[in-house]
Amino acid sequence: MNNKDPNKKLIDLINYTIADTNYVKDFATPYYGIFKTLLYWISMYTISSFILFFYQYFGNLYSLYLNNWYFPLSRLLNIFLFSMSLLVYFIYIFKNKMSLKEKDFLKSFSIIVIMLVFSRMVFALSYYIKSSILVDLYNTIPLDIIILILSGFYLNYYFKSSFSRGIIIMNIVIFILNILVFSLFTSTSNPSSILISIHNLFTILRDNGVFIILNFFILLTILYKLKKNEKYC
């Protein structure tokens, strides 16, 4: 075991050195470090979303919202959990072994991650900064979906692949549908039950980060399949 560990470390060092050399040449597109970092981040993000969802679910089920502690705890949980997810992202950037190209991409991509996390903290933060502007903006414009579209362009700049372009198209379609449903709902004096249900569904999906989770689940699934096929890296 002791003989294998130094050999493995040496092989890893050689692989990362080759990846960094390819970065200079700009021939290769290493991505395994990106895969691991995004996997850990979206896992923490998903866990945070589930915790808050069940907190609200049981709060409504058992009328816990009637207690004075319910909403303050909800806000604190929101801020703590999503701040932790952001911390996980940066920890894995600096702690994980990966090529310089991947680190540079992830540092640049962090602006997307920060904005996505911030979009989930808007309601909680608005209470403490005494401003309803952020909440009104979130309710009017699907900022989270716009950020996902931007993330698609980031990914396409790095991978320059059909799957990254497909992610852009997918998020644009979701954005258009969201705007269409919102416009019909607000402009109709007596919306149908179907329109109300669709509008409520979009609201629930956005409020619980489902579009974000789905977006990165698709991305990571594609990267995992590419890893098995050794198409990149």
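Sequence positions, counted from 1, serve as the residue numbers for this chain. Everything numeric here is computed off the predicted structure, so don't read it as measured data.
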Checklist entry - Less than 4.5 Å apart, any side-chain heavy atom of N96 and any of Y40? => result yes

Checklist entry - Quick check, are the ring centers of F159 and F163 under 6.0 angstrom apart? => result yes

Checklist entry - Can you list every pair that meets side chain to side chain donor-acceptor pair (under 3.5 Å) and has a residue in residues 173-201, with sequence neighbours left out? => result none

Checklist entry - Above 12 or not: heavy atoms from other molecules or residues under 6.0 Å from CG of N68? => result no

Checklist entry - Does R120 make a cation-pi contact with F82 (under 6.0 Å, within 45 degrees of the axis)? => result no

Next on the checklist: Run F216 and L38 through side chain to side chain contact (heavy atoms under 4.5 Å, CB included) and show every step you take.
Outcome noted: CA-CA 8 Å; F216 284 94; L38 291 179; 4.2 Å; yes

Checklist entry - Taking side chain as C-beta onward, heavy atoms only, is Y31 less than 4.5 Å from L226? => result yes

Item to check | Contact summary for F53 and N208, nearest pair of heavy atoms | outcome: CD1-OD1, 3.5 Å

Next on the checklist: Could you tell me if the side chain of K36 sits less than 4.5 Å from the side chain of Y32, heavy atoms only?
Outcome noted: yes

Checklist entry - Would a line drawn from the ring center of Y65 to the ring center of F71 be shorter than 6.0 Å? => result no

Checklist entry - Are I179 and L150 connected, step by step, through hydrophobic side chains (Ile, Leu, Val, Met, Phe, Trp, Tyr) whose heavy atoms are closer than 4.5 Å? => result yes

Checklist entry - Can you name the nearest heavy-atom pair linking M98 to I93, along with the distance? => result CE-O, 3.9 Å

Item to check | Side-chain heavy-atom pair N215, M170 within 4.5 angstrom cut-off | outcome: yes

Item to check | Shortest non-hydrogen contact between L219 and L155, atoms and distance | outcome: CD2-CD1, 3.8 Å

Next on the checklist: Hydrophobic clusters here meaning ILVMFWY residues chained together by side-chain heavy-atom distances under 4.5 Å, can you tell me if Y157 and L223 are in one?
Outcome noted: no

Item to check | Donor-acceptor contact below 3.5 Å, side chain N78 vs main chain S74 | outcome: no

Item to check | Minimum heavy-atom distance W41-S85, with the two atoms named | outcome: CD1-O, 3.0 Å

Checklist entry - Does the separation of the ring centres of F109 and F105 fall below 6.0 angstrom? => result yes

Checklist entry - Ring centres of Y55 and Y70 under 6.0 Å apart? => result yes

Checklist entry - Does I42 belong to the same Ile/Leu/Val/Met/Phe/Trp/Tyr cluster as F118, with side-chain heavy atoms less than 4.5 Å apart forming each link? => result yes

Next on the checklist: Is it the case that the side chain of S99 and the backbone of E102 share a donor-acceptor pair, with hydrogens and angles ignored and the cut-off at 3.5 Å?
Outcome noted: yes

Item to check | Side-chain touch F90/I114, heavy atoms, less than 4.5 angstrom | outcome: yes

Next on the checklist: For R206 and F211: C-alpha separation, side-chain torsions, deciding distance, then whether side chain to side chain contact (heavy atoms under 4.5 Å, CB included) applies.
Outcome noted: CA-CA 6 Å; R206 286 190 61 210; F211 290 127; 3.7 Å; yes

Checklist entry - Would you say Y158 and I34 make side-chain contact, with heavy atoms under 4.5 Å? => result yes

Checklist entry - So does I194 have more than 12 non-hydrogen atoms from other groups sitting under 6.0 Å from CD1? => result no

Checklist entry - Same cluster for L148 and L220 if Ile/Leu/Val/Met/Phe/Trp/Tyr side chains link at under 4.5 Å? => result yes

Checklist entry - How about N156 and S161: do any of their side-chain heavy atoms sit closer than 4.5 Å? => result no

Item to check | Non-hydrogen atoms of L52 and L77 that approach each other most closely | outcome: CD2-CB, 3.9 Å

Item to check | For the student: nearest non-hydrogen atoms of I174 and I145, plus distance | outcome: CG2-CD1, 3.7 Å

Next on the checklist: Are Y154 and I111 packed together at the side-chain level, in the sense that at least one heavy-atom pair is separated by less than 4.5 angstrom?
Outcome noted: yes

Item to check | Residue pair S119, D144: steps toward the side chain to side chain donor-acceptor pair (under 3.5 Å) verdict | outcome: CA-CA 6 Å; S119 70; D144 49 341; 5.4 Å; no

